[in-house]
Amino acid sequence: MDTLQSEIAAAAARLVVEEGLEYGPAKRRAVKQMGLGARTALPDNDAVEDAVREYIGLFCADTQPAELAALRRLALTWMERLAEFRPYLGGAVWHGTATRLSDIYLQLFCDDPKSAEIALIEHQVDYTPRTVTGFHGESVEALSISSMSRELGEPVGVHLLVYDHDDLRGALKPDTKGRTPRGDLAAVRALVEESEHG
């Protein structure tokens with residue numbers, strides 16, 4: 001990766017950590033802030049994630065582990081509530097780069113795509129339906145809720161991405177770094193227990 005891409009990755013990482021932006025918007029805003037042209041080659045998400053880890057290590061090492069643990073506990077709570085829909089945790093909360101500004105992304109693998117929405121209605125959970133880009137670039141229905149984190153003392157966005165049960169096989173292929181891109185209930189429970197006894 002060239003120096004310019006490293007600089008863009010570092011600037012994007014700051015926006016991710018300090019403003020809670022997702023990687024794509026953070027990269028585009030970083031390019032704009034740096035006064036670069038719209039066609040500037042962007043660093044890939046792995047480079048941004050490395051820069052985010054570096055930024056957290058330098059500037060947030062004292063606060064980020066507790067914030068991450070709080071987000072993982074909140075994610076676990078929702079995963080237990082939605083266990084019948086085979087929930088998986090992805091994104092920064094799973095990969096360990098989340099801060100208090102990060103949202104939680106849960107992927108649900110349902111036999112009937114409407115069943116998760118019906119469950120939220122039955123439990124009187126307010127949500128906003130929207131369409132987002134899924135992990136294969138396809139459009140996926142997302143149910144976004146705001147959930148209070150007592151530990152953080154503020155609401156956290158929890159996004160439930162609803163997939164077909166058959167999509168689960170492709171969802172577990174390792175990413176470019178050879179890591180599992182998302183974790184199931186048992187994996188997240190293990191992370192939470194590890195942070196509590198760590």
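Positions are given from 1 along the sequence. For the numbers below, each heavy atom of this structure counts, side chains included, while hydrogens, waters and symmetry mates do not.
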- Message: Within the structure provided, determine whether F85 and V162 are in side-chain contact (heavy-atom separation under 4.5 Å).
- Response: no
- Query: Do the non-hydrogen side-chain atoms of V132 and H159 ever get within less than 4.5 Å of each other?
  - Reply: no
- Message: I'd like to know if the side chain of Q107 and the backbone of L160 have a donor-acceptor N/O pair within less than 3.5 Å.
- Response: no
- Rounded to the nearest 0.5 Å, what separation is found between the CG atom of L74 and the CE atom of M148? 10.0 Å
- Query: So, do L191 and L89 sit near enough that their side-chain heavy atoms are less than 4.5 Å apart?
  - Reply: no
- Message: Please find the pair of heavy atoms, one from V48 and one from P43, that lie closest to each other, and give the distance.
- Response: CG2-CG, 4.2 Å
- Item | Connected via hydrophobic side-chain network under 4.5 Å: L71 and V16 | no
- Query: When you look at K27 and V31, which way does the side-chain contact (heavy atoms from CB on, under 4.5 Å) test go after all the steps?
  - Reply: CA-CA 6 Å; K27 287 190 276 192; V31 164; 5.7 Å; no
- Message: How about NZ on K177, more than 12 heavy atoms from neighbouring residues, nucleotides or ligands closer than 6.0 Å, or not?
- Response: yes
- Looking only at heavy atoms, the pair that brings M34 and A11 closest together is SD-CB, 4.1 Å
- R179 atom CZ, neighbour heavy-atom count above 12 within 6.0 Å: yes
- Query: Quick one: does Q5's side chain have a donor or acceptor within less than 3.5 Å of a partner on L42's backbone?
  - Reply: yes
- Below 4.5 Å, heavy atoms only, C-beta onward: do K32 and R28 meet side chain to side chain? no
- Message: I'd like to know whether CG of D62 has more than 12 heavy-atom contacts from other residues, nucleotides or ligands below 6.0 angstrom.
- Response: yes
- Please identify each residue that fulfils ring pair (Phe, Tyr, Trp, His ring centres under 6.0 Å) with Y127, with sequence neighbours left out. none
- Compare all side-chain heavy atoms of H95 with those of L68 and state whether any distance is below 4.5 angstrom. no
- Message: Could you go through R189 and E193, starting from their C-alpha distance and side-chain angles, then the distance that decides it, and tell me whether this counts as salt bridge (Lys or Arg N to Asp or Glu O under 4.0 Å)?
- Response: CA-CA 6 Å; R189 194 174 283 131; E193 285 170 7; 5.2 Å; no
- Heavy-atom check, side chain of L185 versus side chain of L76, under 4.5 Å: yes
- Message: Using the rule that Ile, Leu, Val, Met, Phe, Trp and Tyr join whenever any side-chain heavy atoms are under 4.5 Å apart, tell me whether I121 and L143 fall into a single cluster.
- Response: yes
- Do W78 and V125 have side chains that get closer than 4.5 Å, going by heavy atoms? yes
